Amino acid sequence: MVEKLIVVALGGNAVLKRGEEGSFDEQYHNVKSTVSKIADLIVAGYKVVLTHGNGPQVGATLLRHEAAKNIVPPFPLDACGAETQGFIGYMMQQALRNELKSRGIDKYVVTIITRVIVDKHDSAFQNPTKPIGPF
C-alpha cells in the first residue's frame with residue numbers, strides 16, 4: 001500500500017475554544033480530542049503533516065511577557081510566536097504519540113518550528129484584520 005500524504009491545518013481556536021480561560025488542561029484536552037481524528041487518518045494509511053495557528057496562544061504569551069516585564073525582560077513577537085509554536089507542537093506531539101501507542105501503533109511524532117519572512121511593505125498592514133490575543 002502506497003501511503004498518501006495529507007496536510008491538516010488547525011486554527012489556534014481549535015486548541016483554545018472561545019470562552020475558555022486558556023489553561024494548559026483546557027488546551028491539552030482540546031488537542032487530545034483532535035488528535036484522535038488524526039490517528040484515524042494514520043490508521044487509514046495516510047502520512048500526516050499537521051499545522052496550526054497560534055493567535056490566541058501568542059496573544060496570551062505576549063500578555064504574560066508584558067505582565068512580568070519588571071521581573072524578566074519581555075520577548076519580541078517573533079520569539080513569542082516560536083514559543084507558542086513549540087508549546088502547541090509539544091501538546092500535539094505528546095497527545096498524538098500517546099493516542100497512537102494506545103492503538104498499538106509505534107510511530108514517532110516530531111515537531112518543527114517554522115519561520116516566515118514578512119514584507120514590512122505589504123499592503124495588508126494598512127488595514128490589519130487578524131488580531132492576536134484578547135480583542
Side-chain angles (χ1 to χ4, degrees):
M1 172 189 232
V2 175
E3 288 184 301
K4 297 177 189 171
L5 177 67
I6 188 167
V7 176
V8 178
L10 301 173
N13 290 308
V15 177
L16 177 62
K17 298 184 185 314
R18 192 174 305 277
E20 291 180 335
E21 291 180 349
S23 70
F24 178 85
D25 289 341
E26 283 176 333
Q27 294 182 77
Y28 193 64
H29 171 78
N30 294 336
V31 165
K32 284 191 333 187
S33 67
T34 299
V35 300
S36 69
K37 311 294 189 281
I38 304 302
D40 291 342
L41 294 170
I42 293 168
V43 168
Y46 289 96
K47 288 184 177 180
V48 177
V49 173
L50 184 56
T51 183
H52 60 80
N54 65 342
Q57 292 78 16
V58 78
T61 294
L62 285 166
L63 286 173
R64 286 185 197 97
H65 282 264
E66 180 64 24
K69 71 181 178 186
N70 293 323
I71 301 167
V72 293
F75 291 174
L77 177 59
D78 61 325
C80 290
E83 186 176 333
T84 56
Q85 279 187 53
F87 161 64
I88 295 169
Y90 164 78
M91 287 192 301
M92 290 183 176
Q93 181 176 338
Q94 188 71 19
L96 183 54
R97 174 79 167 137
N98 290 343
E99 179 66 25
L100 292 172
K101 283 181 80 170
S102 76
R103 295 179 186 207
I105 300 169
D106 190 25
K107 286 193 177 215
Y108 286 92
V109 180
V110 297
T111 298
I112 299 172
I113 306 300
T114 60
R115 295 182 340 156
V116 175
I117 298 173
V118 177
D119 179 358
K120 65 182 174 184
H121 302 292
D122 189 311
S123 62
F125 287 118
Q126 301 305 311
N127 183 29
T129 60
K130 185 70 175 156
I132 58 172
F135 183 79

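The basis for the numbers below is simple: all heavy atoms, side chains too, and nothing from hydrogens, waters or symmetry mates. Small disclaimer: the values here were computed from a predicted structure and weren't measured.
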**OP:** Hey, could you give me the CZ/NE2 distance between Phe24 and His29, rounded to the nearest 0.5 Å?
**Re:** 13.0 Å

Original post:
Roughly how far apart are Gln85 CD and His52 NE2, rounded to 0.5 Å?
Top reply: 6.0 Å

Subject >> In one Ile/Leu/Val/Met/Phe/Trp/Tyr side-chain cluster, 4.5 Å: Ile88, Val35 >> reply: yes

Original post:
Is there a donor-acceptor contact under 3.5 Å from the side chain of Gln93 to the main chain of Val110?
Top reply: no

Original post:
Hey, are Arg103 and Asp40 close enough for a salt bridge, meaning a charged N less than 4.0 Å from a carboxylate O?
Top reply: yes

Original post:
For the hydrophobic clusters of this structure (ILVMFWY residues joined by side-chain heavy atoms under 4.5 Å, transitively), does one cluster hold both Leu16 and Tyr28?
Top reply: no

Original post:
In this structure, are over 12 heavy atoms from other groups packed under 6.0 Å from Phe125 atom CZ?
Top reply: yes

Original post:
When hydrophobic residues are tied together by side-chain contacts of less than 4.5 Å, even through go-betweens, does Leu96 share a cluster with Val43?
Top reply: yes

**OP:** Verify the neighbour count for atom OH of Tyr46: are there more than 12 heavy atoms of other residues, nucleotides or ligands below 6.0 Å?
**Re:** no

Original post:
Under a single-linkage definition using a 4.5 Å side-chain heavy-atom cutoff for Ile, Leu, Val, Met, Phe, Trp and Tyr, are Ile38 and Val49 assigned to the same hydrophobic cluster?
Top reply: no

Subject >> Flag for Thr61-Glu83: side-chain donor and acceptor within less than 3.5 Å >> reply: no

Original post:
Hey, are the side chains of Lys37 and Val8 touching, using non-hydrogen atoms and a 4.5 Å cut-off?
Top reply: no

**OP:** Provide the closest heavy-atom pair for His65 versus Cys80 in the form atom of the first, atom of the second, distance.
**Re:** CD2-SG, 3.7 Å

Subject >> Shortest non-hydrogen separation from Gln27 to Gln57 and the atoms involved >> reply: OE1-NE2, 3.1 Å

Original post:
Should Val15 and Asn30 count as side-chain neighbours, where that means a heavy-atom distance under 4.5 Å?
Top reply: no

Subject >> Straight-line distance of Gln126 CD to His121 NE2, nearest 0.5 Å >> reply: 11.0 Å

Subject >> Under 3.5 Å donor-acceptor, Glu26 side chain and Gly22 backbone >> reply: yes

Original post:
Are Phe87 and Val58 connected in the hydrophobic side-chain network, where two residues link if heavy atoms are under 4.5 Å apart?
Top reply: no

**OP:** Nearest 0.5 Å please: distance from the CG atom of Leu41 over to the NZ atom of Lys4.
**Re:** 12.0 Å

**OP:** Please round to the nearest 0.5 Å and tell me the distance separating atom NZ of Lys69 and atom CZ of Phe75.
**Re:** 15.5 Å

Subject >> Gap between atom CG of Leu100 and atom CD1 of Ile42 - 0.5 Å precision >> reply: 4.5 Å

Original post:
Taking everything shown except Lys47 itself, do over 12 heavy atoms lie less than 6.0 Å from its NZ?
Top reply: no

